[in-house]
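All heavy atoms count here, side chains included; hydrogens, waters and symmetry mates do not. Quick caveat, the model's predicted, so the values are computed rather than measured.
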Amino acid sequence: MNLSSTDRQRLNAAIKLKDTYNAQPTAAKHSVQLPLQRWEQLQRLERQIQKAEQRKYHVAAQRCRQRLHEQLRFFISELSDVQNQLYRTLLNIKTPSVRSLYEELLSLGDEFIEVDIDRVHHEIVVTTERIVLEDIDLGSFEIRLEMKHVSTSPVYRVIALEPNPASRDDSTTHPHVQSESLCEGDGRAAIQNALQQGRLNDFFVTVRQILRTYNSSSAYVTLEDWHGASCGDCGSIMDTDDTYCCERCEGQLCDHCTHRCNDCGDSLCYECKDVCEECEESHCSSCLNLCSACHALTCSSCLEDDLCPTCHEHQQDQTDAEPEDSSTDSPTSPPTTPETPTQNIPTDTAVQSVCMGEVAVPA
């Protein structure tokens with residue numbers, strides 16, 4: 001049988017794939033490893049959300065929820081891998097033949113505009129048509145499947161050939177592709193089953209279908225935000241050059257929603273800013289102090305002797321209202337001088353004669 005160079009490459013790839021599938025039963029006998037490390041990470045994120053909510057850092061809590069959502073998807077994916085390993089062990093699925101694998105590779109030419117075998121990286125490569133979602137042209141993509149672990153721990157990449165990435169993140173070339181990794185969503189099980197059974201055509205077609213589909217709830221970046229960033233406070237779309245960052249929660253803000261601390265000048269979102277209760281100017285929490293009397297948040301400009309102006313004025317009024325200590329001095333008798341005879345000093349006491357039986361009292 002005379003084969004073209006392309007067909008010979010595909011036959012050689014089918015033989016290598018067959019070797020990989022033949023090694024699978026040995027690998028399947030190993031005990032499965034549950035994703036306990038991922039589970040611990042999910043628990044840490046949950047604790048962070050609770051702390052942020054307790055401190056009323058709502059923007060920070062929302063960012064933690066987004067990370068929790070992403071990690072949950074990875075956790076579910078890893079659990080699915082474990083389930084598939086157990087499934088193959090229990091059912092003892094037969095490995096595909098060289099002929100069936102070769103036919104699968106040949107059939108790819110009917111579905112994709114270009115099919116190639118990368119002998120350097122040991123990958124099967126197909127090229128999709130241009131992907132356009134809601135009038136946003138994302139260009140065509142390469143789907144590159146690594147042949148080495150295709151049956152046990154499949155690895156594949158999705159690479160944008162004419163990247164039109166999200167303006168806020170160059171690594172996101174598709175709402176469901178970040179750093180060449182596809183968010184499979186509900187297609188996870190179909191992808192895993194197709195590869196385990198050697199249905200290569202079904203694998204590549206399923207991945208392409210995910211690229212053709214848009215789901216805003218599972219997007220790394222939504223199409224609405226593709227050409228700009230969304231303000232964390234008002235939700236408006238901004239050009240990336242016009243964004244500000246909250247120094248506390250690192251949320252993105254538009255110019256209208258950005259508040260600056262009057263003392264240190266840090267940029268703050270609405271949730272992270274505090275206000276001096278006296279002058280009502282914006283400040284960060286570290287630049288405000290508590291009034292020692294009423295515990296009102298007060299900036300350094302308004303604080304005096306650890307008191308807010310209201311408490312300071314009240315204390316001053318109390319001080320001014322206290323009576324002053326005063327003492328009454330007794331009048332001083334004029335000194336007796338030699339020029340003033342004592343016998344001439346008048347007295348208010350009448351002098352009476354001493355009667356019988358009375359004792360004379362000196363005046």
Task: Worked check of side-chain contact (heavy atoms from CB on, under 4.5 Å) between D7 and L11 - done: CA-CA 6 Å; D7 289 341; L11 179 58; over 6 Å; no
Open item on the list: Atom CZ of residue position R99 - does it have more than 12 heavy atoms of other residues, nucleotides or ligands inside 6.0 Å?
Closed with: no
Task: side-chain contact (heavy atoms from CB on, under 4.5 Å) evaluation trace for L268 with R248 - done: CA-CA 7 Å; L268 303 166; R248 294 298 179 268; 3.7 Å; yes
Open item on the list: Please check: side-chain N/O of H174 versus main-chain N/O of L211, any donor-acceptor pairing under 3.5 Å?
Closed with: yes
TODO: Go through E281 and C299 one step at a time and tell me if the side-chain contact (heavy atoms from CB on, under 4.5 Å) criterion holds.
DONE: CA-CA 9 Å; E281 295 291 340; C299 67; over 6 Å; no
TODO: Would you mind telling me which of K273, H283, E247 makes a side-chain contact (heavy atoms from CB on, under 4.5 Å) with C261?
DONE: H283
TODO: Using a strict cut-off of less than 4.0 Å between a Lys/Arg side-chain nitrogen and an Asp/Glu carboxylate oxygen, indicate whether R208 and E111 qualify as a salt bridge.
DONE: yes
Open item on the list: I'd like to check V158 versus E142 (side-chain heavy atoms, cut-off strictly below 4.5 Å). Are they in contact?
Closed with: no
TODO: Establish, yes or no, whether the cationic atom of R67 lies under 6.0 Å from the six-membered ring centre of F74 and within 45° of the ring axis.
DONE: no
TODO: Of all the heavy-atom pairs spanning S216 and T222, show the shortest one and how long it is.
DONE: O-CG2, 4.0 Å
Task: For the student: nearest non-hydrogen atoms of C249 and V59, plus distance - done: SG-CG1, 3.3 Å
- [ ] Look at the side chain of N193 and the backbone N and O of A189, then say whether any donor-acceptor pair between them is shorter than 3.5 Å.
- [x] yes
Task: R212 and E129 ion-paired at < 4.0 Å - done: yes
Task: Side-chain heavy-atom pair Y156, I191 within 4.5 angstrom cut-off - done: yes
Open item on the list: What I want to find out is whether R144 reaches E180 closely enough, with some N-O distance under 4.0 Å, to be called a salt bridge.
Closed with: no
TODO: Using a strict cut-off of less than 4.0 Å between a Lys/Arg side-chain nitrogen and an Asp/Glu carboxylate oxygen, indicate whether E78 and R38 qualify as a salt bridge.
DONE: yes
TODO: Carefully, step by step, assess T298 and L288 under the rule side-chain contact (heavy atoms from CB on, under 4.5 Å).
DONE: CA-CA 5 Å; T298 312; L288 290 176; 6.0 Å; no
- [ ] Give a yes or no on this: more than 12 heavy atoms of other residues, nucleotides or ligands lie within 6.0 Å of atom CD of Q43.
- [x] yes
Open item on the list: Are the side chains of F141 and I131 in contact, using a 4.5 Å heavy-atom criterion?
Closed with: yes
Open item on the list: Looking at D266 and R260, is any side-chain nitrogen of the basic one under 4.0 Å from a carboxylate oxygen of the acidic one?
Closed with: no
- [ ] Indicate yes or no: does R157 engage E146 in a salt bridge with an N to O separation below 4.0 Å.
- [x] no
Task: Within 6.0 Å of OH in Y270, more than 12 heavy atoms from elsewhere - done: no
